[in-house]
Structure formats: structure tokens, C-alpha cells
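Taking it in order: structure first as C-alpha cells, then the write-up.
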Amino acid sequence: SFDQIWPTAFAIFKDRWGTMVGAFAISVFVPLFVYVATLIGTALAGGNEQPIGLLVSSVGTLIHSAVNAYLSIGMVSVGIAVVRNEPSPLGKIMPPLAPVFRLIGGLIIFFAGIALTTFVLFSGSFLIGQATGANAVMVILMIISGLFVAAIYFTAIWLFWSFLPIIAD
């Protein structure tokens, strides 16, 4: 229960808070730097209205996502190392690439499932709306479909919260 876990977890955090705050700062500010560099590069390239600006924005977003995934696994690895009382846990902020590829693969599968579910439900709503000739029915079905997809998404996130710590360890 929470009353059993919290005192132990807080005692560990109090002893090694500097490591955790340092890892958190790295995992926040490095992706933030990439994001700001992407915004500046996009603006210098003429914005998203220009093809080169759109390319800079797209590539920058992919790099930002990859850096964020990499450092997210690193942050979890640091947390696990702190809990295990391993020496120099901040060195775990730079994990091997294998867990990153597992994370990216898992996210692709997860979001492909969400996209497929969304496509099927919204296509069905559209087809029913077209068959009945009532746009109001289509809109209501799409709203219900959207709420259903959101419920599936948030339930899956809740159920698979341990995915990141498992692949990081």
C-alpha cells in the first residue's frame, strides 16, 4: 500500500535527490534545446509554409522525439539504479540503443492499434451517416467513437505504465 511504499521511497530520494534532480534536468533540458533549435531552424527556413521549412520542422520533430525517448529510458534507468543503490547512477542517463528500439517498436505497435481502431470507428460512423442521410447521426456517432477511442487510449496507458521501466532494465 501507499503507506508502506512512500516512507521507503522518500528516504531513498532524500539520500540521492541530487542525482535524481540532475537526471531530470538533463532529460528535460536536452530535448527542450532540440525543440527550440527546431523552432529557430524552421523560422529561419521560412516557416512551415515553405517546403524547406516544413522539412526542417519534420526532421527536427523526429530528432526531438528520438532524443526524448532515449533520455526517458535513461531517466528511468537512473531511477532504478538509485533505488538499487548502485554507484554513479547518473551514468545510466545514456542507455544502450537496444531499449530505445524496443520502446520505439512498442510505441509504433500501440499507436498503430489506436489509429486502426480510430479509422474503423470513424469510417463506420461516416458510412452510417451517409446511409441514413442524416449528418446529425454521423456527428453523434463520431463523438461517441472519439470518446470510446479516448477511453481505450487512457485505459491502455494506465494498464501498460510499467512498459518503460521493464524495457529500461
Side-chain angles (χ1 to χ4, degrees), residues 2 5-6 8-10 12-119 121-122 146-169:
F2 181 79
I5 295 171
W6 176 252
T8 305
F10 190 68
I12 293 169
F13 178 76
K14 280 192 320 187
D15 290 341
R16 316 246 348 240
W17 69 271
T19 302
M20 293 303 297
V21 170
F24 177 77
I26 291 169
S27 70
V28 168
F29 289 114
V30 171
L32 183 63
F33 173 77
V34 173
Y35 179 71
V36 170
T38 299
L39 290 178
I40 293 170
T42 302
L44 292 175
N48 285 335
E49 295 80 25
Q50 302 298 323
I52 189 70
L54 188 59
L55 179 66
V56 169
S57 177
S58 300
V59 170
T61 300
L62 287 174
I63 292 170
H64 173 263
S65 297
V67 168
N68 198 27
Y70 182 72
L71 291 175
S72 293
I73 291 172
M75 180 66 193
V76 170
S77 297
V78 168
I80 292 170
V82 164
V83 169
R84 291 179 178 162
N85 202 21
E86 294 177 4
S88 63
L90 196 54
K92 302 270 184 171
I93 196 77
M94 305 289 272
L97 288 178
V100 177
F101 293 135
R102 287 194 294 264
L103 173 65
I104 291 171
L107 289 175
I108 288 171
I109 291 169
F110 176 73
F111 285 115
I114 293 293
L116 181 63
T117 303
T118 303
F119 176 76
L121 290 174
F122 277 73
L147 292 172
F148 183 70
V149 169
I152 290 172
Y153 174 80
F154 289 116
T155 302
I157 293 293
W158 177 66
L159 289 174
F160 297 117
W161 67 268
S162 61
F163 178 65
L164 192 57
I166 288 171
I167 64 169
D169 193 22

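Screening Phe163, Tyr153, Phe160 for a ring-ring contact (aromatic ring centres under 6.0 Å, His included) with Phe110, the sole residue that qualifies is Tyr153.
To the nearest 0.5 Å, atom OG1 of residue Thr38 and atom CZ of residue Phe33 are 9.5 Å apart. With rounding to the nearest 0.5 angstrom, the CG atom of Leu147 is 11.5 Å from the CG atom of Leu121. We find the CD1-CD1 distance between Ile152 and Ile157 to be 12.5 Å, quoted to the nearest 0.5 Å. A distance of 10.5 Å separates OG in Ser162 from CD1 in Ile167, rounded to the nearest 0.5 Å. The CD atom of Gln50 sits 13.0 Å away from atom OG of Ser57, with the distance rounded to the nearest 0.5 Å. Note that the CD1 atom of Ile109 and the CD1 atom of Ile104 stand 12.5 Å from one another [nearest 0.5 Å].
Residues Pro165 and Val76 approach most closely at CA-CG1, 3.6 Å, considering heavy atoms.
Proximity of Ile52 to Leu55: side-chain heavy atoms (C-beta onward) are separated by under 4.5 Å at one or more points.
Residue pairs satisfying the side-chain hydrogen bond (donor to acceptor under 3.5 Å, both in side chains) criterion with at least one member in residues 63-72, sequence neighbours excluded, are absent.
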Please tabulate, for the side chains in residues 78-100, all donor-acceptor contacts under 3.5 angstrom to protein atoms that are two or more places apart in sequence or on a different chain.
| unit_1 | atom_1 | unit_2 | atom_2 | d |
| --- | --- | --- | --- | --- |
| Arg84 | NH1 | Asp169 | OD1 | 3.0 |
| Arg84 | NH2 | Asp169 | OD1 | 3.2 |
| Arg84 | NH2 | Asp169 | OD2 | 2.5 |
| Asn85 | OD1 | Arg16 | NH1 | 2.9 |
| Glu86 | OE1 | Lys92 | NZ | 3.4 |

